[in-house]
Amino acid sequence: MARTETRLLTIAADLQARYGVRVEIVTLDLAQPDGPCRLCEAASGLGFDPTLLINNAGLGILGPFADLPVEKAREMIRLNVTALTELTYRFLPPMLARGDGAIINVASASAFQPVPNYGLYAASKAFVVSFGAALWAECRHTGVRVVTVCPGPVDAGSPSERQANGRLERLRRSFPRKVRREEVVAVALDAVERNEPIVIPGAPAARLALTLLPRRARLRLTNAVLRRFPRLMTGTRRREP
């Protein structure tokens, strides 16, 4: 599922050729109020009864909150919080009825502290961490596993993707270590097998060291770093840092 069809068709063809599996695509925008409902209706119409739900769609905008257009703030909350919640609400009951299934919610390492100049994004991911951990506890004896994945900065991938997201790549390069996408996937699936509630792939030592600083010092330091970068959008339109 994504907003653009061309890349989905390429990915679907590659998966079918490589693994011989059935792949269906759905083109829609989960940030729209009816997006989650339309996706569930499409899945039902295609005969899918998912045993694994991955809530990976996300949107972030870097810059002072006061400069954020209210329409973009609403869009971010609808996508990062509301759509994730509604899709979980719709797909979890059938998993519970079967006594089997898994949900992977993708948050961010930024969820564990306030992030000036990225505040709404980090707050939305803090919701994902809290919500996912609570669901893990509720579901742990039902056969349904709920994992919240909180990656650090993720590698942009191919040179063409890095070039297309030049400003975002500047932000990524400011971190000493970036986690590969394949590593994020492997860690997430391993956590499902082990029924771990929260995993943090590629958490850099610098981020862990920040936890040793007083809160005021952390906030001042984070603000000083992120305000150096021009405003940019990440997530469904660009890759998340």
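All of these numbers come straight from a predicted model, not from anything done at the bench. Residue numbers start at 1 and run along the sequence shown.
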field: Ion pair Arg74/Glu71, N-O distance below 4.0 Å
entry: no
query: Got a donor-acceptor contact below 3.5 angstrom from the Ser44 side chain to the Cys40 backbone?
result: no
message: What I'd like to find out is whether the side chain of Leu135 reaches to under 4.5 Å of the side chain of Leu92, using heavy atoms alone.
response: yes
message: Can you confirm whether Phe48 is buried at CZ, in the sense that more than 12 heavy atoms of other residues, nucleotides or ligands lie under 6.0 Å from that atom?
response: yes
query: Which heavy atom of Met76 sits nearest a heavy atom of Leu68, and at what distance?
result: CE-CD2, 4.4 Å
query: Do Pro36 and Leu30 touch side chain to side chain, with heavy atoms closer than 4.5 Å?
result: yes
Cluster check Leu52, Ile11: I/L/V/M/F/W/Y, side chain < 4.5 angstrom: no
message: Looking at Val106, is its backbone amide N or carbonyl O close enough to the side chain of Lys125 to form a donor-acceptor pair, meaning the two atoms are under 3.5 Å apart?
response: yes
field: Nearest-0.5 Å distance, CZ of residue Arg78 to CG of residue Asp29
entry: 8.5 Å
query: Between Ile77 and Ser124, is any pair of side-chain heavy atoms under 4.5 Å apart?
result: no
field: Over all atoms of both residues, closest heavy-atom pair of Ala133 and Thr148
entry: N-OG1, 4.1 Å
task: Enumerate the residue pairs fulfilling salt bridge (Lys or Arg N to Asp or Glu O under 4.0 Å) with a member in residues 11-23, sequence neighbours excluded, ordered by first and then second residue.
output: Asp14-Arg18, Arg22-Glu24
- line: The single option from Val192, Ile103, Leu189 that satisfies side-chain contact (heavy atoms from CB on, under 4.5 Å) with Val147 is Val192
message: I need the minimum non-hydrogen distance between Leu15 and Val21, along with the two atoms involved.
response: O-CG2, 4.0 Å
- prompt: Can you get from Leu28 to Val23 by hopping between Ile, Leu, Val, Met, Phe, Trp and Tyr side chains that sit under 4.5 Å apart?
  reply: no
field: Ser130 side chain vs Phe127 backbone, donor-acceptor pair below 3.5 Å
entry: no
- line: In short, Val146 meets Gly132 closest at the heavy-atom pair CG1-O, 3.7 Å
message: Is there a side-chain contact between Val199 and Cys150 in this structure, where contact means two heavy atoms from C-beta onward sitting under 4.5 Å apart?
response: no
Residue pair Val179 / Val187, side-chain heavy-atom distance below 4.5 Å: no
task: Specify the closest pair of heavy atoms between Asn195 and Trp136, including all atoms of both residues, with the distance to one decimal.
output: O-NE1, 2.9 Å
field: Within one Ile-Leu-Val-Met-Phe-Trp-Tyr cluster: Leu79 and Phe65, side-chain cutoff 4.5 Å
entry: yes
task: Keeping the roles fixed (side chain from Asn80, backbone from Leu59), state whether a donor-acceptor pair exists under 3.5 Å.
output: yes
field: Residue pairs fulfilling salt bridge (Lys or Arg N to Asp or Glu O under 4.0 Å) with at least one residue in residues 46-64, sequence neighbours excluded
entry: Asp49-Arg98
- line: Between the CD1 atom in Ile198 and the CG atom in Asn105, the distance rounded to the nearest 0.5 Å is 10.5 Å
- prompt: Honestly curious: do Val81 and Tyr89 fall in one hydrophobic cluster under the side-chain, below-4.5 Å linking rule?
  reply: no
message: Are the side chains of Glu86 and Cys37 in contact, using a 4.5 Å heavy-atom criterion?
response: yes
Nearest-0.5 Å distance that lies between atom CZ in Arg145 and atom CZ in Arg194: 12.5 Å
message: Let me confirm one number: the CG-CG distance from Asn56 to Leu53, rounded to the nearest 0.5 Å.
response: 10.5 Å
query: Does any non-hydrogen side-chain atom of Val115 lie less than 4.5 Å from one of Tyr121?
result: no
- prompt: How many angstroms lie between CD1 in Ile54 and CG in Leu84, if you round to the nearest 0.5 Å?
  reply: 12.0 Å
field: Distance in Å, Phe131 CZ paired with Thr88 OG1, rounded so as to fall on 0.5 Å steps
entry: 5.0 Å
